[in-house]
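Scroll down for the structure; my scribbles are underneath it.
Note that these values count all heavy atoms, side chains included, but never hydrogens, waters or copies made by symmetry. Residue numbers begin at 1 in each chain, while the letters A, B, ... track the order of the sequences.
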2 protein chains.
Amino acid sequence: MTVMLDPSSHSPLPTTRLTTKQKAVLTQLEQLQEAVSAQRLYTELRQQGESLGLATVYRSLDLLKLRGLVQSRTTADGEALYSPIQQDQHYLTCLQCGNSVPLGFCPLQKMENQLRRSQAFTIYYHTLEFFGVCEPCTHQAP
Amino acid sequence: MTVMLDPSSHSPLPTTRLTTKQKAVLTQLEQLQEAVSAQRLYTELRQQGESLGLATVYRSLDLLKLRGLVQSRTTADGEALYSPIQQDQHYLTCLQCGNSVPLGFCPLQKMENQLRRSQAFTIYYHTLEFFGVCEPCTHQAP
DNA sequence: GGGTACAATGAGAATGATTATCGTTATTTT
DNA sequence: AAAATAACGATAATCATTCTCATTGTACCC
């Protein structure tokens, strides 16, 4: 999967160099308020009349991740959920029922900048997820 | 980051109640220094003469997670890696080459306790992972 | 304008980790 | 010890993701 990085800098590229289909994937993702799977993106884009294949959706998402425009997290059953990168959204996930509730804030906001400087590694984004048991589930036998 | 729940409440059971095979899975996991896949655990246990099936490894890991004894993170290619819960180990993962290097510390150590109190959710553990481009990869055209 | 090189795409096959099934074997309860 | 229940193993099924490869699109050069 090709990359096409801007040789002049080490930072994510502008969206300008994206193909039509890649842009379609990105804008669809931006319109949704929640993180979604590749499969669902595919279905929705088709319903809207876009003509593209499932492989292209995956390829586009990989590319967009590489460019730092999209991030993903993985659900308990191994499905990757994608979202535009700007939303610094984290979750509390119940090990028992599997539900995730979003955390209203990011406990790492300040720290990431320090980290950026201290590591020889260009950080694009992070994922953070808390696991445990949610309130309803604590009241019922496992 | 551990949990050690009060046995009088609706909490995970002590390791005492684990079956032989479940214990085998747990102790094998504790002996390894790195996070490993279920498949690898299975292979290694068989090599050591343990007689158990792959399905049992998965079932045991699920159970151990539910009890707060084991945690997992998911690699970029969708494989779950398991580790005993006490090690608060996070990673810097390169989007380009896929390599992960462990971060030497946890930026959340202090915060998690505050969080515990502020949420109606029993936190067992968290996963934190940074994504970006590693030093070597920034120097080569993709 | 035509040609060449290479990137992007689609359809479907292949992969591979995880789950489900189901008959069997332990383990607990009575 | 029988009955009830939980754990187990082997293997089939599932399903998200990746691979293959033939085709199409695009950029660049002559």
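Contact check, Tyr58(A) against dT17(D): a side-chain N or O comes under 4.0 Å of OP1 or OP2. Contact annotation: Thr19(B) side-chain N/O to dA6(D) OP1/OP2 distance is not under 4.0 Å. For dC8(D), the OP1/OP2 oxygens have no side-chain nitrogen or oxygen of Thr56(B) closer than 4.0 Å. OP1 or OP2 of dG9(D) lies within a sub-4.0 Å distance of a side-chain N or O belonging to Lys21(B).
Both Glu79(B) and Ala55(B) sit near DNA chain C, but only Glu79(B) has its closest nucleotide nearer the 5' end. Both Thr20(B) and Leu54(B) lie near DNA chain D, and the one whose nearest nucleotide falls closer to the 5' end is Thr20(B).
Scanning both residues, Pro107(A) and His90(A), for their nearest heavy atoms gives CD-CD2, 4.3 Å.
Regarding Leu64(A), its CG atom lies at a distance of 14 Å from the C1' atom of dA8(C), rounded to whole Å.
Contact check of residues 38-51 of chain B against DNA chain D (heavy atom, cut-off under 4.0 Å) returns Arg46(B), Ser51(B).
Defined by atom type and a distance below 3.5 Å, a donor-acceptor pair is missing between the side-chain atoms of Gln28(A) and Glu50(A).
Ionic pairing of Arg40(B) and Glu34(B) is present here: one or more N-O contacts between side-chain nitrogen and carboxylate oxygen are shorter than 4.0 angstrom.
Checked against side-chain contact (heavy atoms from CB on, under 4.5 Å), Ala80(B) has the following partners two or more places apart in sequence or in another chain: Tyr82(B).
For the helix from dG1(C)-dC30(D) to dT30(C)-dA1(D), the end axes, each set by the C1' atoms of five terminal pairs, are bent relative to each other by 30° (nearest 10°).
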